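Below: the structure, in structure tokens.
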Amino acid sequence: MRLSRYLLPILKETPSEASIVSHQLMLRAGMIKQEAAGLYAWLPFGYKVLRRIEQIVHEEQQRAGALPMLMPTIQPAELWRESGRYDAYGPEMLRVRDRHERDMLYGPTNEEMITDIFRKTVTSYRDLPKILYHIQWKFRDEIRPRFGVMRAREFLMKDAYSFDLTKEDAIHSYNRMLVSYIRTFERMGLTAVPMRADTGPIGGDHSHEFLVLAETGESEVFLDRAVTELNLGDADIDFDDQAHVAGIVEKWTSPYARTDETHDQSVFEAETPEERRLTARGIEVGHIFYFGTKYSEPLKAMVTGPDGGSTPVEMGSYGIGPSRLVGAIIEACHDEAGIIWPEAVTPFHAGIVNLKQGDSKADAACETIYTALRKAGLDPLYDDREERAGAKFASMDLIGLPWRVTVGPRGLKNGVVELTERRGGASEEMTPEEAVARLSSVYLN
Ligand code: 5CA
């Protein structure tokens with residue numbers, strides 16, 4: 001993409017309505033625009049990051065055996081009356097009426113609808129287990145939407161739902177999702193820690209939240225430092241192997257890690273040596289629940305077992321907030337100059353800065369690099385504006401692309417350009433061909 005043709009409304013000043021750094025940087029880097037309290041339009045630059053996060057979520061959900069689908073945002077109130085949550089959910093639910101005076105709602109979550117789909121399509125234990133998921137916009141009329149996309153009213157959620165015959169199988173599905181979450185967040189360059197959690201209005205008796213450690217997090221967290229040092233990497237995981245998956249869950253959930261809601265200081269001290277005790281703040285980016293038959297019973301989602309008897313199906317639900325993650329990643333990855341995107345989610349792979357737009361040699365070298373990077377399968381952003389070098393550097397630092405190729409007449413006299421890493425700022429001179437080869441090897445290996 002050429003910056004002269006892009007829409008990147010960069011702000012020089014920090015907007016006063018934004019109190020935390022991710023919100024400030026998202027506004028300054030032209031990623032989002034507020035349309036009403038807690039409602040945001042995703043401008044092209046922000047939308048690219050959101051799509052990359054979604055892509056990682058899709059890949060890891062499907063790797064763990066979950067099936068992608070899509071349910072509507074608007075739901076009939078009828079289903080929620082069946083579960084008893086229509087009245088229980090309260091003012092956070094946005095209620096609407098259609099032209100036939102039917103009560104509808106903008107979905108805050110999808111347990112009822114997926115249970116309805118399940119009861120109409122699956123009847124036998126032979127068709128189990130099943131995990132279904134979608135990535136869809138949700139609406140919750142939060143009383144105090146704040147922190148930009150982190151606590152919005154309309155937000156994107158990946159919600160998965162598991163269906164099993166027995167509690168033991170349901171716990172295996174829960175474990176599959178827990179392990180897939182570890183890799184999902186790790187791939188995004190985050191340290192997200194699973195913490196024992198309360199179940200809240202979703203219900204159930206087994207729940208973990210995944211929290212990214214960041215100073216601006218809404219929850220206070222207490223944890224054993226050891227859990228932040230674990231790494232799944234590219235480990236081969238057989239998601240059908242119950243014991244293998246349970247072993248990974250055990251490894252990640254046995255060190256003490258809880259939010260203020262479930263924290264118990266005496267247990268913390270008894271289980272964790274003093275030098276490993278960490279008190280911090282965290283942002284919840286995922287939440288998983290096992291809740292048995294809480295929805296299948298009232299909605300009569302029954303399956304016949306091997307003995308011919310009919311029982312309500314065992315369920316769990318598993319949420320990730322892709323739109324919140326954009327903010328959470330920025331909270332975890334920035335410096336005073338701006339964002340520092342992890343390579344896995346960066347909206348463009350590299351920026352090309354032309355120090356002297358209009359100089360025929362500099363222009364030609366930039367074009368060559370731009371074309372070569374695109375040919376190699378990369379997505380560069382070429383700053384081809386007539387701007388001072390200082391302003392171009394400040395913009396690149398603000399928008400946070402992990403790599404910058406700087407091209408100017410002086411370097412070109414010696415046949416070189418400069419390749420700079422955003423994190424740390426280390427620079428190296430090399431030929432344009434070497435810069436293209438280096439970037440290709442960074443991203444394409
Ligand atoms: N049905 C279950 C799991 S599928 C559920 O609704 N879980 S949840 O309430 O914990 O939400 C799942 C995830 O959505 C959260 O972990 C968070 O990442 C994201 N989320 C929740 N509320 C908001 C909000 N107001 N703004 C942005 N993201 C949110």
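Both ligands and their constituent atoms are indexed starting at 1 by order of listing. Note that the structure is a prediction, hence the values are computed from the model and not measured.
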Practice task
Quick one: sort the F289 and H287 rings into parallel, tilted or perpendicular, breaks at 30° and 60°.
Solution key: parallel
Handout entry: N110 touching ligand 1 at heavy-atom level, < 4.0 angstrom
Key = no
Can an N or O of [X] be found at a distance shorter than 3.5 Å from an N or O of ligand 1?
| X | value |
| --- | --- |
| G321 | yes |
| R140 | yes |
| K158 | no |
| A152 | yes |
| S323 | no |

Is ligand 1 under 4.0 Å from a heavy atom in the side chain of [X], in the backbone, in both, or in neither?
| X | result |
| --- | --- |
| I288 | neither |
| E209 | neither |
| R324 | side chain |
| V285 | backbone |
| K138 | neither |
| M157 | side chain |
| E111 | side chain |

Exercise for the section: Dump the intermediate steps for side chain to side chain donor-acceptor pair (under 3.5 Å) on S22 and E331, then the final yes or no. Expected result: CA-CA 5 Å; S22 58; E331 289 295 329; 2.6 Å; yes
Exercise for the section: Please say whether the positively charged group of R153, taken as NZ for Lys or CZ for Arg, lies over the ring of Y106, i.e. under 6.0 angstrom from the six-membered ring centre and within 45 degrees of the axis. Expected result: no
Handout entry: Residues, nucleotides or ligands: over 12 heavy atoms within 6.0 Å of E215 CD
Key = no
Exercise for the section: Salt-bridge test for D234 and R183: reply yes if a basic N is under 4.0 Å from a carboxylate O, no otherwise. Expected result: no
Fill in the blank from the handout: Nearest non-hydrogen contact to atom 20 (N) of ligand 1 from the set F210, Y161, F155 belongs to F155
Completion exercise
Heavy-atom proximity to atom 7 (N) of ligand 1, picking from Y318, F291, F289, points to F289
Exercise for the section: Any chance you could measure D224, atom CG, to R258, atom CZ, to the nearest 0.5 Å? Expected result: 12.5 Å
Practice task
Using a 4.5 Å cut-off on heavy atoms from C-beta on, say whether the side chain of M71 contacts that of I117.
Solution key: yes
Handout entry: Worked check of side chain to side chain donor-acceptor pair (under 3.5 Å) between Q61 and Y318
Key = CA-CA 10 Å; Q61 285 292 292; Y318 313 92; over 6 Å; no
Practice task
State yes or no: are the ring centers of F348 and Y6 separated by less than 6.0 Å?
Solution key: yes
